[in-house]
Amino acid sequence: MAHRVVHIPATPSAFALEKAHAALLIIDMQRDFLEPGGFGEALGNDVSHLRRAIAPNLALLTAWRAAGMTVIHTREGHRTDLADLPPAKHRRGNAALRIGDHGPMGRILVRGEAGHDIIPELYPLPGEPVIDKPGKGAFFATDLEAILRHCRINQLVVTGVTTEVCVHTTIREANDRGYECLAVSDCCASYFPEFHDMALRMIAAQGGIFGWVGDSSAVIDAISRGD
Ligand code: C5J
């Protein structure tokens with residue numbers, strides 16, 4: 001198992017990654033958000049903005065797995081009976097296509113449906129935890145914190161979609177809990193490129209108020225060096 005510290009060029013300063021205590025946390029790379037014909041596109045979004053993040057995520061995930069480091073995936077979604085869906089969340093969005101309705105890939109954001117699952121390109125390997133989260137943040141109403149504690153993880157390298165919603169909420173939750181977070185710029189994406197850019201700037205602003213921002217090539221170089 002890797003145990004060294006490697007320094008990753010990042011903003012606002014280099015990120016000192018402790019390989020044995022860092023997890024790659026891939027947020028909500030789900031078919032309904034990313035695939036043509038899914039929920040995201042049915043709402044009028046251009047999924048090509050999100051799909052740009054697939055190849056960099058795959059490169060990073062491949063390098064991370066090769067380095068023998070911890071990988072955790074998340075999925076946003078709800079129980080089939082929707083008992084964990086706050087009415088306030090249910091009411092919002094597009095009235096023609098709500099959470100739990102039948103959409104192009106099964107019931108929208110319902111666990112077990114095809115659209116809720118992770119895209120095949122980044123599919124979890126057996127043994128990689130998948131966190132099913134009912135909210136935007138990966139810590140709210142999930143067992144993520146217990147899993148991180150048991151794996152002795154205190155740093156999170158965060159990727160996924162969307163940058164300003166579930167990635168940002170998770171990084172804010174993690175930061176308040178004492179985790180050091182590095183957001184990987186080209187492995188995160190938004191339907192709204194200006195929100196993506198601004199969300200990344202917010203993370204690293206004021207000396208890294210929520211964490212650090214770097215790109216996938218810098219992370220891959222650092223973890224692959226073998227030091
Ligand atoms: C995520 C969303 N995953 N935008 N969800 O960001 O509703």
Side-chain angles (χ1 to χ4, degrees), residues 24-54 56-57 61 72-79 82 84-101 103-111 113-119 121-124 129-142 144 156-175 181 183-200 202-203 210-211 213:
L24 176 63
L25 183 63
I26 305 178
I27 303 288
D28 299 358
M29 293 294 278
Q30 291 164 255
R31 297 185 61 198
D32 248 336
F33 293 131
L34 285 121
E35 290 194 351
F39 175 48
E41 191 176 75
L43 292 180
N45 295 300
D46 176 357
V47 295
S48 70
H49 291 303
L50 302 199
R51 296 189 64 78
R52 274 200 284 273
I54 297 174
N57 263 289
L61 178 58
I72 300 176
H73 308 257
T74 74
R75 300 183 294 204
E76 180 177 352
H78 296 274
R79 296 164 47 102
L82 304 185
D84 61 349
L85 175 61
K89 181 178 179 183
H90 197 195
R91 279 194 297 270
R92 267 174 286 145
N94 185 323
L97 206 52
R98 292 198 186 286
I99 295 171
D101 290 351
M105 291 188 203
R107 292 181 68 203
I108 305 295
L109 292 189
V110 170
R111 295 175 190 162
E113 301 288 340
H116 172 262
D117 210 354
I118 292 173
I119 56 171
E121 295 90 329
L122 303 176
Y123 211 74
V130 178
I131 307 293
D132 277 320
K133 61 187 187 62
K136 304 305 181 194
F139 287 84
F140 172 69
T142 72
L144 176 60
L156 299 173
V157 172
V158 187
T159 76
V161 299
T162 60
T163 320
E164 77 280 14
V165 184
C166 291
V167 171
H168 226 266
T169 306
T170 297
I171 288 176
R172 288 171 184 238
E173 288 181 327
N175 179 61
C181 297
V184 187
S185 53
D186 52 330
C187 293
C188 298
S190 169
Y191 298 121
F192 309 99
E194 68 276 26
F195 290 176
H196 168 82
D197 293 342
M198 206 49 82
L200 293 177
M202 285 181 197
I203 290 168
F210 298 125
V213 178

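Keep in mind it's a predicted model, so treat the numbers as computed, not measured. Note that ligands are numbered from 1 as they come in the structure, with each ligand's atoms numbered from 1 the same way.
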Can you report which non-hydrogen protein atom sits closest to atom 5 (N) of ligand 1, along with the distance?
Glu76 OE1, 2.9 Å
Val161 neighbourhood, listing ligand 1 atoms whose heavy-atom distance to it stays under 4.0 Å:
1 (C), 3 (N), 6 (O)
So, taking the atom named CD in Glu35 and the one named CD in Glu121, what distance separates them when rounded to the nearest 0.5 Å?
7.0 Å
Do NZ/NE/NH1/NH2 and the carboxylate oxygens of Arg31 and Asp117 come within less than 4.0 Å?
no
Enumerate the atoms of ligand 1 whose separation from the nearest heavy atom of Asp28 is less than 4.0 angstrom.
1 (C), 3 (N)
For atom 7 (O) of ligand 1, the protein heavy atom that lies nearest, with its residue and separation:
Lys136 NZ, 3.0 Å
Atom 1 (C) of ligand 1 sits nearest the protein heavy atom Cys166 SG, 2.8 Å
Best match, Thr162, Asp32, Asn45: closest heavy atom to atom 4 (N) of ligand 1
Thr162
Does a side chain donor of either His78 or Lys89 reach within less than 3.5 Å of an acceptor in the other side chain?
yes
With rounding to the nearest 0.5 Å, note down the distance linking CD in Gln30 to NE2 in His73.
12.0 Å
Thinking salt bridges, do Asp28 and Lys133 make one under a 4.0 Å N-O criterion?
yes
Under 4.0 Å from a heavy atom of Val165: which atoms of ligand 1 are those, numbered in the order shown and with their elements?
2 (C), 4 (N), 6 (O)
Geometric class of the Phe39/Phe33 ring pair [parallel <30°, tilted 30-60°, perpendicular >60°]:
tilted
